[in-house]
Amino acid sequence: MTAMNEGPGRPGGSSGELPDGLSEEVRRRLHDAVADIQPAPGALERLRVAVPARRRRRRAAGATALATVAVLAIATPVVRTAVLSDQTSQKSAKTSSQSSAGGGQNDQGENDDDQESRGTDGSSGVAGSNGNGAKPRTTGGPQATATTTVVVAPVLPTATATATASPTATATSTLPTGAQACEVKDLEQGSGTTLAAPGSDGIAYGVLEVRNVSRRDCSVSGAGIVLVAAAPGNPPVQVQVKFHEAGDLAVRLPSVTAPTAPLTVRAGAAYEFQFAWLPTRGTGANGSCTPGDGQAGPPPPIPSLAYMLADGGVKMAEVPLTPACGGVVYRTEVYPVGAFPRAAG
């Protein structure tokens, strides 16, 4: 039995242990073989960019899957209802046609009896001008066919085509040649995002920067969506978001004209928009948002300003604001970084 267990690959017998000193030699040679291996330049920076991008892609994929499930859940009952209505209409039309044909036959028999008792020129109660029983059958057939054509006309395909084709047409019809629409994985918050301290008028000016971290040029349509909300568990914050106009309180914001075409963002470049934050103070004790009998309430929450692409769905950038119970945000259109001086300084 010992001879069967010993052999090549089993030095020292069945225990499988290496001779003294051999394991240390193998370990030393393995260390020497990988001693000169070093990480590529910029590997850490690429990991810092790639890991958040991969998380955003997973979130986008999950949101797409949920949207698909919701569309299927809504469309399936509608399709079933349309099919059942179609079948019911066909059965009703067929029954109506048979009833009309049967009535014509009965009327023909009645006309024969009436002609024997009244004469050949007598009139009967059958629908028709000459009292002939064959005339109602000829008229009843086309009437049933026309009814079937009107009732069975499908409505569902038109509604479905409108619901699915509209977003695609809007997203692709305005893109310039050679620049595809920016996706979630292409963009991330830029380092230039900031919020300055409030001035003497109580308004704080800020800028939100979004950078194209992909290796391709892409385009952004529209000004995007800006939302302001407090973190979960805090009292709701009522904030209005308005575009900056001449004569409003945000006098330091630049006047940015709305673009007539999608904004092309080069690979590695960035775009931004500026905003002005005018908070509303609480009327309760110590500035709390819940007015009461003078007792101190919870402090006002710190809302955050979030930015999403025009199609919505995934938050691209976010900047915390100052504590408030509400307020107004004045914002500009988006533009390439450096096109206008920053009010936040």
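Computed from heavy atoms alone, side chains included, the values below leave out hydrogens, waters and symmetry copies.
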Visitor: Do NZ/NE/NH1/NH2 and the carboxylate oxygens of R56 and E183 come within less than 4.0 Å?
Guide: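 Judged by the 4.0 Å cut-off on N to carboxylate O distance, R56 and E183 do not form a salt bridge.
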
Visitor: Can you tell which of Y335, Y330, Y205 makes a side-chain contact (heavy atoms from CB on, under 4.5 Å) with Q274?
Guide: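 Between Q274 and the candidates, side-chain contact (heavy atoms from CB on, under 4.5 Å) is satisfied uniquely by Y335.
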
Visitor: Applying the 4.5 Å side-chain criterion to the ILVMFWY set and letting contacts propagate, would V207 and L321 be lumped into a single cluster?
Guide: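 No, separate clusters.
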
Visitor: Measuring only between side-chain heavy atoms, which start at C-beta, is L305 closer than 4.5 Å to E318?
Guide: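 Contact flag for L305/E318 side chains = no.
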
Visitor: Do L187 and L309 have side chains that get closer than 4.5 Å, going by heavy atoms?
Guide: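 Yes - at least one pair of side-chain heavy atoms lies under 4.5 Å apart.
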
Visitor: Taking the basic N atoms (NZ, or NE/NH1/NH2) and the acidic carboxylate oxygens, is any pair closer than 4.0 Å for D248 and K242?
Guide: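 The answer is no: the pair does not qualify as a salt bridge.
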
Visitor: Taking ILVMFWY side chains as joined if any heavy atoms are under 4.5 angstrom apart, and letting links pass through other members, which residues group with F243?
Guide: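 ILVMFWY cluster around F243 holds nothing else.
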
Visitor: Please tell me whether Y307 and V337 are part of a single hydrophobic cluster in this structure, the criterion being side-chain heavy atoms less than 4.5 Å apart.
Guide: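 Hydrophobic grouping puts Y307 apart from V337.
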
Visitor: Please check this pair: side chain of R57 against backbone of K185, looking for a donor-acceptor N/O pair closer than 3.5 Å.
Guide: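 Checked: no pair found.
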
Visitor: Do F273 and I203 sit in the same hydrophobic cluster, where Ile, Leu, Val, Met, Phe, Trp and Tyr count as joined when their side-chain heavy atoms come under 4.5 Å apart?
Guide: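 No, F273 and I203 fall in different hydrophobic clusters.
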
Visitor: Can you tell whether the side chains of R211 and E209 come within less than 4.0 Å, N to carboxylate O?
Guide: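 Yes, charged N to carboxylate O under 4.0 Å.
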
Visitor: Under a 4.0 Å N-O cut-off, is there an ion pair linking E24 with R28?
Guide: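 No, no charged N to carboxylate O under 4.0 Å.
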
Visitor: Taking atom CD of Q238 as the centre, does the number of heavy atoms from other residues, nucleotides or ligands within less than 6.0 Å exceed 12?
Guide: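 No, the 6.0 Å shell around CD holds no more than 12 heavy atoms from other groups.
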
Visitor: Determine all donor-acceptor pairs shorter than 3.5 Å in which one atom belongs to a side chain in residues 253-263; sequence neighbours excluded.
Guide:
none

Visitor: Within a strict 4.5 Å, meaning less than it, do heavy atoms of the C325 and P279 side chains meet?
Guide: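 The answer is no, as the side chains (C-beta and beyond) never meet within the 4.5 Å cut-off.
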
Visitor: Could you work out, with salt bridge (charged side-chain N to carboxylate O under 4.0 Å, His left out) as the rule, every residue matching R266, not counting sequence neighbours?
Guide: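 R266 satisfies salt bridge (charged side-chain N to carboxylate O under 4.0 Å, His left out) with D217 once adjacent residues are dropped.
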
